[in-house]
Structure formats: C-alpha cells, structure tokens
Amino acid sequence: MTFPAHDTRVTYPSGALVERATVLHVAPAAAGRVAVVTDVTSFHPVDASWPDQPADSGTITLADGASLPVRDAVVAASDGEALHLGADVPVRKGTEGWVYLVAHLVDEGSAIAEGDEVEITADAAARRALSSGHTACHAASLALNLALEGRWSKPARTDTLGRPDFDGIAIASSLIEPNGSLDRYRLNKSLRRAGFDVAGLGDELDALAQTVSATVGQWVAAGSPVRIDRDGDALTDRRYWVAELPGGTASIACGGTHVGSLAELGSVAVAFELVDDGGTPVLEMRTRTGA
Ligand SMILES: [Zn+2]
C-alpha cells in the first residue's frame, strides 16, 4: 500500500464541480465505509479543525460507468504510514512530514482501487445552496461588526474593513447551511474586559437585525462581485473570500465555496437571538438567502 506524497490538489475554489482524477489510496474507514484519496478533486470536504461548511454531495464514476455515491468527504492527513481521517488527525496543518488529503467516503465493498481513473462530480444544486449560505454568512458578519462598532470603548483588533472585529473576537462556532448560516458569539467576561458593552443588547435585537439586513441589502443591490483568491491549488494553501463592497475591498481567510456576486443571493434576512450557554450569554445570528 502506498501513501500520497503531496497534498490533494483542489479545484472547488474556482467553482469546479467535475474533475477527472486518479485514485492514489483506498483505506478502510469507520461505519462500513472506505476512504478514497485522489490526486485532484472538485469535492469540498468538511475540515474538522473548523467545520463550518459541510461536505459536498455527489458521486465518483468508475471507468466502467458504475457510479458510487460519496457519503461524506473529510480533510485527512498522512505521515506516509497511515491515513488519519477528520478529527482523528493528530497534528496541526503545516506539520513537517505530513500531507493533507481529501478523503471521499464511499460504501464498503465498492469496486474501486488504487490506480483507477475516475470522474468526481459534486452536485450543483447542493453546492450552490451552500455557497449562497457561506457568502451570506461573511457579508452579515462584516455588517454586524459595523452595527456594533459603537459598543466598543477600547481599541480592538479590526476587521478587513477597519471596524472593531466583534465577529473575529467573539465567534464560538459557525455553521453554513443550504441558503443560510448560524453563527454563535460568546458574550463572556473576556469580551467585556476587552471593552465591548453588552448592556441592553438583548432589548435591541430587532433593531440590530434591521440594521444588519439593511447593510447587507445595500451590498446585494450594488451587485458586489465575490471571488476566491488562493496562494496555490493544494488543499492547505491559504485561500481568501474577497468581496468588492461599496465601502472597500473585503478579504477574509476562508476555505469554503462561494457565489460569484452578492447579487446572486437575491435577498438576505438576518435574525438574532440571545441564548444562555451554561451561564454565558450567547448571541446567535441566522442568515437566510432568498435566491
Ligand atoms: Zn468562510
């Protein structure tokens, strides 16, 4: 059994859905599945280190025309001796001697082997819905930073548009859904010590939603173009969501997929809720796109 010597090359950042590939490695995985690693893929995998965007759905087609459903796709890593999947990867990205790979999980017993030439296809409608939700998520997070600017009493780290980065400082988790997203922000003691005033926020959630929705609505109406910049084609090369917004060019480090323009979102509704997580207030922001 051989292990891939290089990171998987990925083409989903440019919007690719279909890719011809060579199978480099097949290994047993949990739950009656096998992991299939190829030299290149158009399939977006979930990354256990920041699992915001779920994996694409789709198929791997073999040379004889047989089509295998891909049950999941995860970021995996290998040190040349074993393949580690998802949360079982024992090292951090960039560790010397390790390569990072996209593992496509298919059913056990599938007739797929190292050396096979295959065609990988990500479902277009499912990709589009996740891309729409992810772009809405980033736009709303920047609009939220803008709306909360007046609540900072001390200088704070700033976001890509020069506003205090509430999103980057308080974010606990981010979940991209089809045509929407759910971000959770912890309003804890360290955030308050950093100079963020939480007083009365719970009574202003409707107004906050209107302000954030209006800002994102202006960016949608302006048809702000969105692209993904990347340092290279390898899975671990840094990638950035870049949006040409009316107020300036925004750039956020991001490994996900996106639509090509804010206009493609159609409309974005933003809603807030204040919930309690073991004594810590948590602000939840939901987005829903109308496209
Ligand atoms: Zn992102």
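The structure presented is a predicted model; accordingly, all values stated were derived computationally and were not measured. FYI, side chains are in, hydrogens and waters are out, and symmetry mates aren't considered; it's all heavy atoms of this structure. Note that ligands are numbered from 1 as they come in the structure, with each ligand's atoms numbered from 1 the same way.
Annotation: side-chain hydrogen bond (donor to acceptor under 3.5 Å, both in side chains) contacts involving residues 66-79, sequence neighbours excluded, comprise Arg71-Asp107.
The aromatic rings of His134 and His258 sit tilted, their planes meeting at an angle between 30° and 60°.
Using a cutoff of 4.0 Å between basic side-chain nitrogens and carboxylate oxygens, Arg184 and Glu273 are not scored as salt-bridged.
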Does the side chain to side chain donor-acceptor pair (under 3.5 Å) test come out yes or no for Glu19 and Thr11, once each step is laid out? CA-CA 8 Å; Glu19 205 59 60; Thr11 58; 2.8 Å; yes
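Taking the ring centroids of Phe196 and Phe166, they lie under the 6.0 Å cut-off.
Counting only distances under 2.8 Å, and ignoring water, the protein N, O or S atoms around the Zn ion (ligand 1) are His134 NE2, His138 NE2, Cys254 SG.
One hydrophobic cluster, built from ILVMFWY side chains closer than 4.5 Å, holds both Leu245 and Val259.
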